[in-house]
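Comments concern the structure below.
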Amino acid sequence: MLGPVILAASRSDRMRRLISAAPVTKQVVDRFIPGETVDEILPIVRELTDNGLELTMDVVGEDITTPEQAEAARDAYLELIDRLKPLGLGERAEMSVKLSMFGQALSGGHELALANVRPVVEAAAEIGTTVTLDAEDHTTLDSMFAIHEELRKDFPRTGCVIQAYLFRTEEDARRLAAAGSRVRLVKGAYKEPAEVAYQQRHEIDKAYVRILRTLMEGEGYPMIGSHDPRLIAIAQELARTAGRKLDEYEFQMLYGIRGDEHLRLAAEGHRMRVYTAYGTDWYGYFMRRLAEKPANLRFFARSMITKG
């Protein structure tokens with residue numbers, strides 16, 4: 001029952017002030033969200049790419065309530081892309097976007113989100129990179145997949161995310177495992193009802209493997225979003241069984257978690273992409289991640305202790 005409590009705290013200005021002022025909060029935030037501005041994040045981009053890693057970059061933002069805020073989110077991504085252009089990184093630095101930031105939940109949100117995200121996808125293509133549409137809660141997915149399909153007509157490298165714990169995902173994976181597709185598979189972090197999602201960890205893990213096998217045996221480009229050593233090993237075996245070369249799939253992990261593993265996989269020749277979030281609204285981003293799955297609190301605390 002921690003989820004509603006944490007979510008309430010994310011909306012409280014008083015809690016924001018208290019938590020933001022705590023020294024330990026800055027230590028945690030700095031580790032997982034390494035900057036608030038483009039100027040602060042560009043050295044991180046250079047450091048990661050110099051170490052043979054790739055990135056997918058997320059400008060954090062929550063609670064979009066007006067069309068003007070959605071346009072501001074669009075403009076923040078356009079600024080990022082403009083600043084990345086001189087680096088010439090191409091697909092080594094792509095973007096991840098949540099359509100809720102582009103106005104998806106507002107009145108006329110589907111059309112608004114599509115109109116706002118399209119210029120970002122266009123600008124990304126102009127500098128040789130692409131965009132992946134993040135998955136949010138299950139009520140938003142039909143809209144996300146429709147926008148994904150529309151964008152791929154002109155920008156076929158546009159990616160999307162699917163979540164293993166949802167019952168629908170095995171069917172989605174079969175549809176998406178087609179030539180030219182780019183699909184990131186994650187376990188799923190939102191609090192979903194038992195009517196639509198597996199609730200037990202072992203069920204989610206088994207679904208993850210089934211779905212990943214579908215993606216590996218398909219004609220698209222799988223992106224394995226997991227920090228789980230067992231699933232990473234299984235992914236490598238599935239790739240070998242499917243006859244995939246090292247550049248025909250990739251691993252993705254969050255910035256600040258298992259950094260040694262990032263470097264190990266890259267050293268072995270794997271494509272290893274680091275999900276790197278930045279922005280001023282770190283508080284809302286961080287608290288909502290805990291509200292979606294309070295077990296993340298233990299996960300982040302353990303990561304702080306292990307520094308791995």
Side-chain angles (χ1 to χ4, degrees), residues 45 48-58 88-97 121 124-125 127-135 145 148-149 151-164 169-188 205-255 258 260-276:
V45 173
L48 293 176
T49 53
D50 285 348
N51 286 325
L53 302 171
E54 304 184 17
L55 298 88
T56 184
M57 305 183 69
D58 174 17
L89 295 172
E91 286 194 359
R92 296 187 67 198
E94 67 157 43
M95 319 302 141
S96 283
V97 304
V121 177
I127 68 166
T129 191
T130 188
V131 171
T132 294
L133 307 183
D134 277 335
F145 285 130
H148 175 246
E149 183 176 354
L151 291 170
R152 286 198 70 214
K153 293 176 182 178
D154 296 316
F155 306 97
R157 295 288 290 164
T158 305
C160 70
V161 177
I162 56 176
Q163 301 167 102
T169 300
E170 291 188 59
E171 181 179 347
D172 289 331
R174 287 190 289 270
R175 172 175 54 83
L176 290 165
S181 69
R182 298 173 64 257
V183 182
R184 180 197 304 151
L185 174 62
V186 299
K187 289 186 180 181
D205 286 353
K206 288 193 292 186
Y208 194 104
V209 173
R210 291 194 303 269
I211 296 162
L212 184 55
R213 179 178 290 110
T214 296
L215 296 177
M216 286 292 189
E217 293 176 352
E219 299 182 73
Y221 181 79
M223 301 180 285
I224 302 103
S226 178
H227 305 93
D228 188 327
R230 197 163 46 90
L231 291 179
I232 291 168
I234 290 171
Q236 290 173 306
E237 181 58 32
L238 289 174
R240 282 192 291 267
T241 301
R244 285 185 176 265
K245 299 175 183 177
L246 292 181
D247 63 353
E248 293 177 338
Y249 63 97
E250 69 182 48
F251 293 100
Q252 296 192 3
M253 299 184 192
L254 295 172
Y255 180 90
R258 303 199 70 205
D260 290 344
E261 182 71 354
H262 302 177
L263 296 174
R264 184 188 72 82
L265 289 168
E268 290 181 356
H270 292 285
R271 296 191 69 181
M272 175 64 233
R273 193 177 300 275
V274 184
Y275 191 107
T276 307

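Separation of atoms CG (D172) and CD1 (I211) is listed at 9.0 Å; rounding is to 0.5 Å. With rounding to the nearest 0.5 Å, the separation of OG1 in T129 from CG in L89 is 8.5 Å.
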- Task: Kindly determine whether L215 and Y249 satisfy side chain to side chain contact (heavy atoms under 4.5 Å, CB included), including the steps that lead there.
- Result: CA-CA 10 Å; L215 296 177; Y249 63 97; over 6 Å; no

- Test side chain to side chain contact (heavy atoms under 4.5 Å, CB included) applied to M57 and V45, step by step: CA-CA 9 Å; M57 305 183 69; V45 173; 3.6 Å; yes

- Task: Go through the steps for H262 and F251 under the test side chain to side chain contact (heavy atoms under 4.5 Å, CB included), then give the verdict.
- Result: CA-CA 9 Å; H262 302 177; F251 293 100; over 6 Å; no

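Checked by atom type and distance alone, the side chain of D228 pairs as donor or acceptor with a backbone atom of R230 at under 3.5 Å. Between the side chain of S226 and the main chain of I224, no donor-acceptor pair closer than 3.5 Å is present.
Taking both residues in full, the closest heavy atoms of L53 and A266 are given as CD2-CB, 3.8 Å, listed atom of the first, atom of the second, then distance. Among all heavy-atom pairs drawn from M216 and L238, the shortest one is CG-CB, 4.1 Å. In terms of heavy atoms, A177 sits closest to T214 at CB-O, 3.9 Å.
Enclosure of atom CD in E248 by more than 12 non-hydrogen atoms of other residues, nucleotides or ligands within 6.0 angstrom is indicated.
In this structure, V97 and D58 have side chains that are not in contact, with every pair of non-hydrogen atoms separated by 4.5 Å or more. Side-chain contact between M272 and E54 is absent, with no heavy atoms from C-beta onward closer than 4.5 Å. Contact of the E250 side chain with the P222 side chain is not registered, since no non-hydrogen atoms from C-beta on lie closer than 4.5 Å. Between Y208 and K187 there is a side-chain heavy-atom pair separated by less than 4.5 Å.
Under the side-chain hydrogen bond (donor to acceptor under 3.5 Å, both in side chains) criterion, Q236 pairs with H270, sequence neighbours left out. For S96, the side-chain contact (heavy atoms from CB on, under 4.5 Å) partners at least two apart in sequence or on another chain are T56, E94, T132, D134, R184, Y275. For R213, the side-chain hydrogen bond (donor to acceptor under 3.5 Å, both in side chains) criterion is met by no residue, not counting sequence neighbours. Listed by chain and residue number, E170, Y198, K206, A207 satisfy the side-chain contact (heavy atoms from CB on, under 4.5 Å) test with R210 (two or more places apart in sequence, or in another chain). Every residue two or more places apart in sequence or in another chain that forms a side-chain contact (heavy atoms from CB on, under 4.5 Å) with E261 is listed here: I232, M253, R258, R264, L265.
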Could you list the donor-acceptor pairs under 3.5 angstrom formed by side chains in residues 153-163, with sequence neighbours left out?
| residue | atom | partner | partner atom | Å |
| --- | --- | --- | --- | --- |
| K153 | NZ | E150 | OE1 | 3.0 |
| D154 | OD2 | R118 | NH1 | 3.3 |
| R157 | NE | E91 | OE2 | 3.3 |
| R157 | NH2 | E91 | OE1 | 3.1 |
| T158 | OG1 | F155 | O | 2.8 |
| Q163 | NE2 | E136 | O | 3.2 |

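Pairs of residues two or more places apart, or lying in two chains, that qualify as salt bridge (Lys or Arg N to Asp or Glu O under 4.0 Å) and include a residue from residues 231-247 are E237-R240.
Within the cation-pi definition used here (under 6.0 Å to the ring centroid, within 45° of the axis), R271 does not qualify as a partner of Y221.
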